[in-house]
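Notes to accompany the following structure.
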There are 2 protein chains.
Amino acid sequence: MALEHAILVSLRERAASGSELTRRFDRSFGFFWAATHQQIYRTLGRMESDGWVTSAVVPQQGKPDTKVYDVSELGAKTLAEWLVTPGAHQTPRSDLGVKLRGAAYADDREAILDLVRHEIAEHEGRLAIYLAACAHDYPDPAALTDADLDRYLVLRGGIRLETGQIEWLNEYLTAWDSRRAASPEETPKEPS
Amino acid sequence: MALEHAILVSLRERAASGSELTRRFDRSFGFFWAATHQQIYRTLGRMESDGWVTSAVVPQQGKPDTKVYDVSELGAKTLAEWLVTPGAHQTPRSDLGVKLRGAAYADDREAILDLVRHEIAEHEGRLAIYLAACAHDYPDPAALTDADLDRYLVLRGGIRLETGQIEWLNEYLTAWDSRRAASPEETPKEPS
DNA sequence: CGACGCATGTAACCTGTTACATGATTGG
DNA sequence: CCAATCATGTAACAGGTTACATGCGTCG
């Protein structure tokens with residue numbers, strides 16, 4: 001399980017409360033790991049009883065108290081070991097892969113192509129966000145600190161992922177467009 | 001949930017028993033969806049009681065009887081609708097992403113680079129398998145039937161995914177190699 | 001004070017994983 | 001007949017999702 005380790009990484013960057021961690025997972029951490037606040041609270045509780053993190057209640061101005069967590073020595077040691085341990089292969093699970101594999105069993109090929117165009121638009125939206133973040137936060141990659149270089153390279157991975165998906169889906173569209181242009185219409189609209 | 005729909009797609013390609021489906025998920029279906037036989041049997045049972053599939057016990061030569069499932073009319077209709085319905089965004093979950101993001105908190109940068117090299121080797125292994133399958137099964141993409149074109153394009157997606165990961169991890173290695181070459185050793189071995 | 005938002009949870013459910021169990025059939 | 005294998009399951013558990021609940025603080 002990696003959620004606990006993802007939390008450890010985030011807490012080592014800066015101590016935080018459960019809701020602050022939730023916001024981080026929604027933001028920068030989020031493009032390669034998702035977690036809801038319920039998962040995070042549940043996991044933080046287990047990590048505290050395991051001695052991986054410590055907590056301190058901190059009163060706040062204008063807001064309810066927060067419980068701020070920080071990594072314990074044991075947690076840091078556990079993380080350092082996990083970081084260099086190869087994990088088992090994670091099979092990607094892609095709804096879209098299933099849909100495109102089975103596209104022949106949809107009634108309407110054009111609807112599949114619309115779906116693909118819709119996916120492309122979503123990937124391009126995320127790509128634009130990542131590119132903007134990359135240009136804004138890391139204008140000079142060669143000058144980064146070690147920890148920032150890591151973050152920059154992970155962001156680069158996200159950019160490559162989105163780019164690769166867009167290229168693939170465009171290949172899909174091109175292949176089907178040329179096929180449909182070459183052969184006569186096979187799913188005619190019903191004549192009025 | 002897409003496991004049920006993945007099973008529907010596989011059964012529409014050809015009716016099959018639970019164990020045969022399991023083998024298909026291990027093989028061709030497997031590179032974008034994983035499922036163990038327990039998941040498949042459980043799901044088949046639910047799908048049958050929902051009326052998406054029908055089953056027939058078939059005696060076999062030299063082997064125990066098998067229960068062969070096929071898609072019902074309702075199942076085919078359900079699948080056709082699902083295929084053209086856009087799904088919610090699936091956040092990728094990447095252990096490796098977490099590890100590289102937190103690499104600064106490992107004791108040993110060289111161990112991280114070894115981990116990355118190990119990952120590259122695994123991706124290259126899978127890529128070689130996909131490329132071989134692509135060349136062997138689809139020597140002439142322009143001549144494929146519609147259903148085969150879909151399968152070919154999904155395989156192309158798998159190839160692009162592996163290629164993209166390899167490129168990203170090589171970018172990671174390059175960035176860190178040049179950094180380590182430029183600056184003096186910062187994690188010296190303890191003197192004996 | 002009452003409505004709202006925030007931080008922190010609890011409960012129920014579903015999916016996925018791992019370990020074990022059963023019957024049927026063949027091969028030695 | 002005994003071991004090995006195949007096909008089909010059951011049981012127990014961990015992780016992820018969704019809906020709901022509580023207590024605190026501000027703002028109108």
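A, B, ... follow the sequence lines: proteins, then strands. Residue 1 opens every chain.
- The Gln39(B) side chain lies nearest to dG16(C) when the options are dG16(C), dG15(D), dT17(D).
- The main-chain N or O of Pro86(B) is never found under 3.5 Å from a side-chain atom of Lys99(A) such that the two would form a donor-acceptor pair.
- Regarding Trp33(B), its CH2 atom lies at a distance of 16 Å from the C1' atom of dT17(C), rounded to whole Å.
- Taking both residues in full, the closest heavy atoms of Ala15(A) and Tyr69(A) are given as CB-O, 3.2 Å, listed atom of the first, atom of the second, then distance.
- Here the shortest heavy-atom pairing between Ala16(B) and Leu11(B) reads N-CD2, 3.5 Å.
- Both Glu4(A) and Thr36(A) lie close to DNA chain D; mapped to their nearest nucleotides by heavy-atom distance, the more 5′-ward contact belongs to Glu4(A).
- At whole-Å resolution of the value, CG in Asp26(B) and P in dC6(D) are 13 Å apart.
- Put simply, CD1 on Ile7(B) is 13 Å from C1' on dG16(C), counting in whole angstrom units.
- Residues from residues 49-56 of chain B with heavy atoms under 4.0 angstrom of DNA chain C: there are none.
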For this session: Between protein and nucleotides 5-11 of chain C, map the contacts as a letter string: B base, S sugar-phosphate only, - none, heavy atoms under 4.0 Å, written 5' to 3'.
Result: -BSBBB-
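- When rounded to the nearest whole Å, the span between CE of Met47(A) and C1' of dA14(D) equals 16 Å.
- Distance alone, capped at 3.5 Å, places no donor-acceptor pair between the Glu167(A) side chain and the Gly164(A) backbone.
- The list of side chain to side chain donor-acceptor pair (under 3.5 Å) pairs with a residue in residues 113-122 of chain A, not counting sequence neighbours, reads Glu110(A)-Arg117(A), Asp114(A)-Arg117(A).
- Taking only side-chain nitrogens and oxygens, Arg46(A) never comes nearer than 4.0 Å to OP1 or OP2 of dA14(D).
- Here the side chain of Ser178(B) pairs a donor or acceptor atom with the backbone of Ala175(B) at under 3.5 angstrom.
- The nearest whole Å value for the distance from the CD1 atom in Ile40(A) to the C1' atom in dG15(D) is 14 Å.
- A side-chain donor-acceptor contact under 3.5 Å links Ser72(A) to the backbone of Trp52(A).
- Classified by interplanar angle (parallel below 30°, tilted 30° to 60°, perpendicular above 60°), the ring pair Tyr130(B)/Phe31(B) is tilted.
- What separates CG of Leu44(A) from P of dG16(D) is a distance of 14 Å, to the nearest Å.
- Classified by interplanar angle (parallel below 30°, tilted 30° to 60°, perpendicular above 60°), the ring pair Phe32(B)/Phe29(B) is tilted.
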